[in-house]
Participant: 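I am attaching a structure below and will ask some questions about it afterwards.
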Amino acid sequence: MLKIYNTLTRKTEEFQTLEPDLVKMYVCGVTVYNDAHVGHAMSALVFDIIRRYLEYRGHTVKHVMNYTDVDDKIIQRAKQLNEDPLILSQRYIEDYTQDLASLNVLPATSYPQVSKTMPLIIKFIEVLIQKEAAYAAPNGDVYFSVISDKDYGKLSGRKLDDMQAGSRIEVEEAKDHPMDFALWKAAKPGEISWDSPWGKGRPGWHIECSAMNLAELGEQIDIHGGGNDLIFPHHENEIAQTESYTGREFARYWVHNGMLQLGGEKMSKSLGNIVSIKEFLSQREADVMRMLVLNGSYRAPLLFNDDTLDAAQKNVERLKSALRPASASASGLAADAIAALASASESAKTNFTDAMDNDFNTAGAIAVLFELSKFINTARDNSATGEQLKSAQGVFRELSSVLGLKLEEKKGSGDAEAFINLLIEVRAEVRKQKLWALSDQIRDKLKELNVIIEDSKDGTKWRYL
RNA sequence: GGCGUCGUGGCCAAGUGGUAAGGCAAGGGUCUGCAAAACCCUCAUCACGGGUUCGAAUCCCGUCGACGCCUCCA
């Protein structure tokens, strides 16, 4: 039985879908005005892993990830670059799509955009006004009225009185209540805008997600996800809007990932301590980032530094070792060893599911893979044939792909391969003649070129580092 | 100030009542011409102080500390 920690109740709850076997999952994507960073990658990876696991457990997942392509920061950036805001955001959407593909994140079912949801957003706001959950102010803005929502604050555990006391925001004169937030913002001169019953303007930050959710998934969804920095105000306001609109419970499970930490602090644009996904991938392979996430727990802060990345990279290498082929001269395993390997595979599956069922305990799931890899490697060391390894390696491959790990050996150019093989042939001859210095020199020089040579009983193998 | 998360070996990190998974690093070993890889062995009593319990890292109270949100943020 899958259990998920629900931010709304602050409890780990049994997962039950609204409709049998179907999971409606909405994950807040990014505001597209700049290169996405590894913190965004963490969030995307967390929900990719969740989605993959739900599918592994037999659910069909409708996975919606939005792009916020109309926003203050986009407008500002577009002004700097003297570019149309929508062209700018479209460029970054394509960019981010590529980043996600590079990270082996499965494509979402759909990717709604604010700019393409405008009629529905306007209609949504009109309904809120009709229901007296929102009001148009004289300045052309429309605000959501927080006092109209009796349980406003339930997600973040705040009370309106507390928030007023701690508020450091300059309160707009036009607001009835200081915590009221904008559903619609009147356009300033020269800004991109859309026509509405309240004049030219554009949506506030939170309403798009409520509208796009409704459009893509309906009034109620199973999982709503995002970074835990979105709990307040973004998700709090989303709940307020949607539940005021529908009169029903919005999302069953609110799932939030922890923040990536760089040098003990959250990575964020305002702190300037950013590593973009592209920068990261120019240094390390995608599996390393994923392993970093898998090794931790998705709700906790994740340390991103050279030490944790080096360890993650080693972990990836280690897992890859399980998939290496049997020795060509393998003579075969004894019957009891074959049985032991088979039973190790079976318990790996069970233990994997047990771990993942416990609020996606990926660290536990990874430990299961390490254990299975040990069994496989021992079997190979004990002369298992390829045929005898096949089934266990199949299980290993299956489970690691549920986590989204590719575990591919690196490839170089086909041309280089022929030369490397040639060098290895020559080196084999040199070794026959016991010219160890020369033989070692070849090995060292190849290593400098990121080609690792490993000698064994039945010949020399090589791989790219 | 308010709300919340958390504090497990050198590092990353599972475990939420019955005497501490896994990985990295380190040390020893098998294999190897030497390496590398793989495999084997060694390596913690869970921030601190109280309490509940036959029994607590795991529940309760307190202290100290870290981090996040309260303002754009995955």
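In what follows, chains are A, B, ... by sequence order, proteins preceding strands, each numbered from 1.
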Participant: Distance check, C1' atoms only: B:A44 and B:A57, in whole angstrom units.
Facilitator: 12 Å

Participant: Would you mind classifying the nucleic acid contact of A:Leu230 as base, sugar-phosphate or nothing, using non-hydrogen atoms under 4.0 angstrom?
Facilitator: sugar-phosphate

Participant: Can you say whether a donor on the side chain of A:Asp455 sits under 3.5 Å from an acceptor on the base of B:C34, or the other way round?
Facilitator: yes

Participant: If you look at every strand shown and take non-hydrogen atoms under 4.0 Å, does A:Gly29 touch a base, only sugar-phosphate, or nothing?
Facilitator: sugar-phosphate

Participant: Measuring only the P atom in each nucleotide, how far is B:C59 from B:C6? A whole number of Å is fine.
Facilitator: 10 Å

Participant: Sticking with atom P, work out how far B:C24 lies from B:A13, rounded to a whole angstrom.
Facilitator: 16 Å

Participant: Tell me which donor-acceptor pairs under 3.5 Å the side chains of residues 345-355 of chain A have, and how far apart each pair is, sequence neighbours excluded?
Facilitator:
unit_1: A:Ser345; atom_1: OG; unit_2: A:Leu341; atom_2: O; d: 3.1
unit_1: A:Ser347; atom_1: OG; unit_2: A:Ser343; atom_2: O; d: 3.0
unit_1: A:Ser347; atom_1: OG; unit_2: A:Ala344; atom_2: O; d: 3.3
unit_1: A:Thr350; atom_1: OG1; unit_2: A:Glu346; atom_2: O; d: 3.2
unit_1: A:Asn351; atom_1: ND2; unit_2: A:Ser347; atom_2: O; d: 3.2
unit_1: A:Thr353; atom_1: OG1; unit_2: A:Lys349; atom_2: O; d: 3.0

Participant: Sugar-phosphate means primed atoms, P, OP1 and OP2; the rest is base. With that split, encode nucleotides 37-42 of chain B 5' to 3' as B, S or - using protein heavy atoms under 4.0 Å.
Facilitator: SBSS--

Participant: State which residues pass salt bridge (charged side-chain N to carboxylate O under 4.0 Å, His left out) with A:Asp440; sequence neighbours excluded, sorted by chain then number.
Facilitator: A:Arg443

Participant: Would you mind reading off the distance between A:Arg299 atom CZ and B:U5 atom P, rounded to a whole angstrom?
Facilitator: 9 Å

Participant: Let's see if you get this right: which residues in residues 288-296 of chain A place a heavy atom under 4.0 Å from RNA chain B?
Facilitator: A:Asn295, A:Gly296

Participant: Can you find a side-chain donor-acceptor pair between A:Tyr92 and A:Asp69 that sits under 3.5 Å?
Facilitator: no

Participant: Could you tell me the separation between the CG atom of A:Leu8 and the P atom of B:G4, rounded to a whole number of Å?
Facilitator: 14 Å

Participant: Contact list please: residues 429-445 of chain A against RNA chain B, heavy atoms, distance less than 4.0 Å, in numerical order.
Facilitator: A:Arg431, A:Trp436, A:Ser439, A:Asp440, A:Arg443

Participant: In the structure shown, which nucleotide is the Watson-Crick or G-U wobble counterpart of B:G4, with both distances under 3.5 Å?
Facilitator: B:C67

Participant: Base, sugar-phosphate or nothing for A:Asn358? Non-hydrogen atoms, less than 4.0 Å.
Facilitator: sugar-phosphate

Participant: Round to the nearest Å and state the distance from A:Lys314 atom NZ to B:A13 atom C1'.
Facilitator: 17 Å

Participant: Any strand counts, and the cut-off is 3.5 Å on both contacts for Watson-Crick or G-U wobble. Which nucleotide pairs with B:C24?
Facilitator: B:G10

Participant: Can you measure A:Ile366 atom CD1 to B:A13 atom P for me and round it to whole angstrom units?
Facilitator: 14 Å

Participant: Atom CG of A:Asn257 to atom P of B:U5: distance rounded to whole Å?
Facilitator: 16 Å

Participant: To the nearest Å, how far apart are A:Trp254 CH2 and B:A74 P?
Facilitator: 15 Å

Participant: Can A:Lys185 and A:Glu191 be counted as an ion pair, charged N to O under 4.0 angstrom?
Facilitator: no

Participant: Applying ring pair (Phe, Tyr, Trp, His ring centres under 6.0 Å), name anything that partners A:Trp462, two or more places apart in sequence or on another chain.
Facilitator: A:Tyr464

Participant: With rounding to whole Å, what would you report as the distance between B:A74 and B:C69 at their P atoms?
Facilitator: 12 Å

Participant: Taking only residues two or more places apart in sequence, or in another chain, which ones meet A:Glu398 in a side-chain hydrogen bond (donor to acceptor under 3.5 Å, both in side chains)?
Facilitator: none

Participant: Roughly how far apart, to the nearest Å, are B:U5 and B:G9 at atom P?
Facilitator: 22 Å

Participant: With nearest nucleotides of RNA chain B determined for A:Asp229 and A:Ser156 from heavy-atom distances, which residue corresponds to the more 5′ nucleotide?
Facilitator: A:Ser156

Participant: Looking at B:G33, B:C24, B:A21, which one has an atom nearest to any side-chain atom of A:Arg427?
Facilitator: B:G33

Participant: Give me the distance, rounded to whole Å, that separates B:G62 from B:G27 when you measure between the P atoms they each carry.
Facilitator: 46 Å

Participant: Just call it for A:Asn361: base, sugar-phosphate, or nothing, with non-hydrogen atoms closer than 4.0 Å on any strand.
Facilitator: sugar-phosphate

Participant: Just to verify, what does A:Asp455 make a side-chain hydrogen bond (donor to acceptor under 3.5 Å, both in side chains) with, not counting sequence neighbours?
Facilitator: A:Arg427, A:Arg431, A:Thr460

Participant: Sticking with atom C1', work out how far B:U58 lies from B:A14, rounded to a whole angstrom.
Facilitator: 13 Å

Participant: Check ring pair (Phe, Tyr, Trp, His ring centres under 6.0 Å) between A:Trp254 and all other residues, then give those that pass, not counting sequence neighbours.
Facilitator: A:His224, A:His235, A:Phe250

Participant: Would you please name every residue forming a ring pair (Phe, Tyr, Trp, His ring centres under 6.0 Å) with A:Phe181, sequence neighbours left out?
Facilitator: A:Phe144, A:His206

Participant: Which residue pairs satisfy the salt bridge (Lys or Arg N to Asp or Glu O under 4.0 Å) criterion with at least one member in residues 359-374 of chain A, sequence neighbours excluded?
Facilitator: A:Arg299-A:Asp359

Participant: For atom CG of A:Leu438, is the number of surrounding heavy atoms from other residues, nucleotides or ligands below 6.0 Å larger than 12?
Facilitator: yes

Participant: Please, which pairs that meet side chain to side chain donor-acceptor pair (under 3.5 Å) have at least one residue in residues 377-392 of chain A, sequence neighbours excluded?
Facilitator: A:Ser321-A:Asn377, A:Ser331-A:Ser383, A:Asn377-A:Arg380, A:Thr385-A:Gln388

Participant: Using a strict cut-off of less than 4.0 Å between a Lys/Arg side-chain nitrogen and an Asp/Glu carboxylate oxygen, indicate whether A:Asp72 and A:Arg202 qualify as a salt bridge.
Facilitator: yes

Participant: Distance between the C1' atoms of B:U8 and B:U45, in whole angstroms?
Facilitator: 9 Å

